[in-house]
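The structure appears below as structure tokens.
Because the structure is predicted, anything quoted here is derived from the model rather than measured.
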Amino acid sequence: KAENVALKARVTSLEIRLHALREAGLERDRLVRLLGAHPAPPEGTRPARIVVVGTAGPFQSALLDRGRADGVLPGGAVVGETGLLGRVVASGERTARVQLLTDRTAATGIVLPRTGRAAVARGDGSSGATLEYVPAIADVAVEEEVVTSGTDGVYPRGLLVGRIAAVRRPGASLFLELPVALAADASREPLVFVFPPVRSDAPAPAPGSPPPARPAP
């Protein structure tokens, strides 16, 4: 009987170790994919895990398992394998809170690379965002790519935000209604990169100049 108990304990221990090895392998694969999507992240970039995604009405946030002690600072852009997720708004010693792009108070400077049209993407409080201040006469197409412009002093230039989901031209409005399907979903991005905050003395991109080449995820 004692031998059976010892054997069961040994089997349980091996199963735990096997599970840990599998998880480590999955995390390694995710990190490799992240590095493939962002082959040259800026100096000071830190990997982190999303612990939980929180929703409170129109407010959308996520909690990271890294904080100030790990080099994760407020203002840092949080990017996943498929695109931009948001920015760090608060950083404790070992955790950090991220304001997601879907948050209704989140505003992101963007550009449409095909035409160079600049605009602002504002979270819809649900699962996407909407482009603001694009004139009704502008040349915009469904599935057109949306990337960060780098002009808001928050996000680096050229990060994928998403694609235009629809183009609506309200009769009385001077601006288009442009919902955006975001590229990244925090609930599906367990491992992320946190870029360092954009330096306040960094030179702004020239108006109308194209964003830098961005590797496809």
Which donor-acceptor pairs under 3.5 Å do side chains of residues 119-126 form with protein atoms, sequence neighbours excluded?
from: Arg122; atom 1: NE; to: Glu132; atom 2: OE1; distance (Å): 3.4
from: Arg122; atom 1: NE; to: Glu132; atom 2: OE2; distance (Å): 3.2
from: Asp124; atom 1: OD1; to: Ser126; atom 2: N; distance (Å): 2.8
from: Asp124; atom 1: OD1; to: Ser127; atom 2: N; distance (Å): 3.2
from: Asp124; atom 1: OD1; to: Gly128; atom 2: N; distance (Å): 3.0
from: Asp124; atom 1: OD2; to: Gly128; atom 2: N; distance (Å): 3.2

What distance separates Leu178 CG from Leu131 CG, expressed to the nearest 0.5 Å?
5.0 Å
Does a sphere of radius 6.0 Å around CZ in Arg114 hold more than 12 heavy atoms from other residues, nucleotides or ligands, not counting ones at 6.0 Å or beyond?
yes
Pair listing, side-chain hydrogen bond (donor to acceptor under 3.5 Å, both in side chains) test, anchored in residues 172-186, at least two apart:
Asp185-Ser187
Here the pair of heavy atoms bringing Leu85 nearest to Val192 is CD1-CG1, 3.6 Å
Scanning both residues in full, the closest heavy-atom pair of Val88 with Leu64 reads CG2-CD1, 4.5 Å
Would you tell me whether Arg68 and Ser91 have side-chain atoms, one donor and one acceptor, within less than 3.5 Å of each other?
no
Any donor-acceptor N/O pair, Ser149 side chain to Val111 backbone, under 3.5 Å
no
Please round to the nearest 0.5 Å and tell me the distance separating atom OG1 of Thr108 and atom CG of Leu84.
6.5 Å
So which atom in Ala62 and which in Ile50 form the shortest heavy-atom distance, rounded to 0.1 Å?
CB-CG2, 4.2 Å
For Arg94, check side chain to side chain donor-acceptor pair (under 3.5 Å) against everything at least two apart and list the hits.
Asp70
So among Glu144, Glu143, Glu145, which one has a side-chain contact (heavy atoms from CB on, under 4.5 Å) with Ile164?
Glu144
Let's go through Thr105 and Phe59 carefully: what are the C-alpha distance in whole Å and the side-chain angles of both, what is the deciding distance for side chain to side chain contact (heavy atoms under 4.5 Å, CB included) to 0.1 Å, and is it a yes or a no?
CA-CA 7 Å; Thr105 65; Phe59 304 106; 3.7 Å; yes
